Amino acid sequence: MVRCSRVLVVLIAMLPFQAVARELDVRVADARGAPVPDAVVTAVPRANYTSLPAVPSPKTHIIDQKNETFIPYIEVFRPGDSVVFHNSDHTRHHVYSFAPARQFEFVLAPGESSTPLPLTQSGVIAVGCNIHDQMITYFYVTEAPFVARSDGDGRARIDLPPGSFDVRVWHPRQRPGSPDNAQAFTAAADAAPAGLAYTLTLLPDQRDAHDPERSGY
């Protein structure tokens, strides 16, 4: 099973902030203390900033399908970004989502790619394959100015300008109805790196369920 373990730091800690940025080190673990990769960490200012960096230009993300697995498992988007699905397998895939933020479906033969699909609304978009039930990926579409994704050690790092922030962690396997886990964090110029810790109660990973009878479609 493929896992994407590199840290994804999206985004907009741009040059005007870098000289005075303070590094926030977030550690995410499950209830047993094991590190949690692919958790999305967002930091949102608690007060209005007058000089936030410009929003990055829209980009197109590629989601591959290989070995009956979506790669990556989690992808972070900004509203206005697009996604293209590519099928690197030797079997058909029927990609779909019923998420309120974006509903769609594509049937992709081996080697085919979808047309670019724009994602205009913030929210979480769960994507599956109607042929291979274990296949799933999640799109986290957010306007948060600072975002990172935890690596294989359950760590995510964000450089923040001076100010106060609400820091939250999201993971697709959190139990429904989990309480808001926002923590307040104040970044001060030239201060030492600081850390926050989160413990998540997670459901089983449905990618581990594999139905061999549906693999050869």
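Being a predicted model, the structure only gives us computed values, none of them experimental.
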Inset, instruction - For side-chain contact (heavy atoms from CB on, under 4.5 Å), just list the numbers for V76 and T142, CA-CA rounded to whole Å, side-chain angles, deciding distance to a tenth of an Å, and then say yes or no. - result: CA-CA 8 Å; V76 178; T142 179; 4.3 Å; yes
Legend entry - Donor-acceptor contact below 3.5 Å, side chain R102 vs main chain P118: yes
Inset, instruction - Check the pair L202, V36 against side-chain contact (heavy atoms from CB on, under 4.5 Å), reporting the backbone distance first and the verdict last. - result: CA-CA 9 Å; L202 301 180; V36 176; 3.9 Å; yes
Legend entry - Non-neighbouring partners of N87 that pass side chain to side chain donor-acceptor pair (under 3.5 Å), sequence neighbours left out: none
Legend entry - Pairing residues for P58 by the side-chain contact (heavy atoms from CB on, under 4.5 Å) criterion, not counting sequence neighbours: D81
Legend entry - Atom of D166, atom of R46 and distance for their closest heavy-atom approach: OD1-NE, 3.1 Å
Inset, instruction - Using modelled atom types only, decide if a donor and an acceptor are shared between the side chain of Q183 and the backbone of A197 within a distance under 3.5 Å. - result: yes
Legend entry - All ring-ring contact (aromatic ring centres under 6.0 Å, His included) counterparts of Y140, not counting sequence neighbours: W170
Legend entry - Aromatic centroids of F77 and F139 separated by under 6.0 Å: yes
Legend entry - Partner residues of T60 under the side chain to side chain donor-acceptor pair (under 3.5 Å) criterion, sequence neighbours left out: none
Legend entry - Expected output: side-chain S97 to main-chain A126 donor-acceptor under 3.5 Å: yes
Legend entry - With sequence neighbours excluded, residues passing side chain to side chain donor-acceptor pair (under 3.5 Å) with T186: S164
Legend entry - Whether S150 side chain and D38 backbone form a donor-acceptor pair below 3.5 Å: yes
Legend entry - ILVMFWY clustering at 4.5 Å (side-chain atoms), partners of F98: Y96
Inset, instruction - Applying salt bridge (Lys or Arg N to Asp or Glu O under 4.0 Å), run through E112 and R92 and close with a yes or a no. - result: CA-CA 9 Å; E112 284 188 340; R92 280 190 309 133; over 6 Å; no
Inset, instruction - Please list, chain by chain and in numerical order, all residues satisfying side-chain contact (heavy atoms from CB on, under 4.5 Å) with A101, sequence neighbours excluded. - result: Q121, I125
Inset, instruction - For S114 and F85, indicate whether the former's side chain and the latter's backbone hold a donor-acceptor pair under 3.5 Å. - result: yes
Inset, instruction - Show your reasoning for whether side-chain hydrogen bond (donor to acceptor under 3.5 Å, both in side chains) applies to Q134 and Q206. - result: CA-CA 6 Å; Q134 83 282 1; Q206 69 184 82; over 6 Å; no
Legend entry - With sequence neighbours excluded, residues passing side chain to side chain donor-acceptor pair (under 3.5 Å) with H171: none
Legend entry - Residues clustering with I62 (ILVMFWY side chains joined when closer than 4.5 Å, directly or via others): V84
Legend entry - side-chain contact (heavy atoms from CB on, under 4.5 Å) assessment of I71 paired with I63: CA-CA 6 Å; I71 303 171; I63 303 298; over 6 Å; no
Inset, instruction - Please identify each residue that fulfils side-chain contact (heavy atoms from CB on, under 4.5 Å) with N181, with sequence neighbours left out. - result: R168, V169, Q174, Y198, L200
Inset, instruction - Tell me, with the steps shown, if F185 and R22 meet side-chain contact (heavy atoms from CB on, under 4.5 Å). - result: CA-CA 11 Å; F185 175 77; R22 182 180 185 184; 4.1 Å; yes
Inset, instruction - Find out whether P145 and T42 are in side-chain contact, i.e. whether some heavy atom of one side chain is under 4.5 Å from a heavy atom of the other. - result: no
Inset, instruction - Identify whether the distance between the nearest side-chain nitrogen and carboxylate oxygen of D89 and K66 falls below 4.0 Å. - result: no
Inset, instruction - Would you please name every residue forming a side-chain contact (heavy atoms from CB on, under 4.5 Å) with R32, sequence neighbours left out? - result: D30
Inset, instruction - Determine, step by step, whether H86 and Q65 satisfy the side-chain hydrogen bond (donor to acceptor under 3.5 Å, both in side chains) criterion, reporting the C-alpha distance in whole Å, the side-chain angles of both residues, the deciding distance to 0.1 Å, and the verdict. - result: CA-CA 6 Å; H86 179 71; Q65 296 160 92; over 6 Å; no
Inset, instruction - Determine, using the 4.5 Å side-chain heavy-atom cutoff (strictly less than), whether L24 and V44 are members of one ILVMFWY cluster. - result: no
Legend entry - Any donor-acceptor pair under 3.5 Å from D205 side chain to R207 backbone: yes
Inset, instruction - Would you check if P37 and D151 make a side-chain contact, meaning some heavy-atom pair closer than 4.5 Å? - result: no
Legend entry - With D64 via salt bridge (Lys or Arg N to Asp or Glu O under 4.0 Å) - residues at least two apart: none
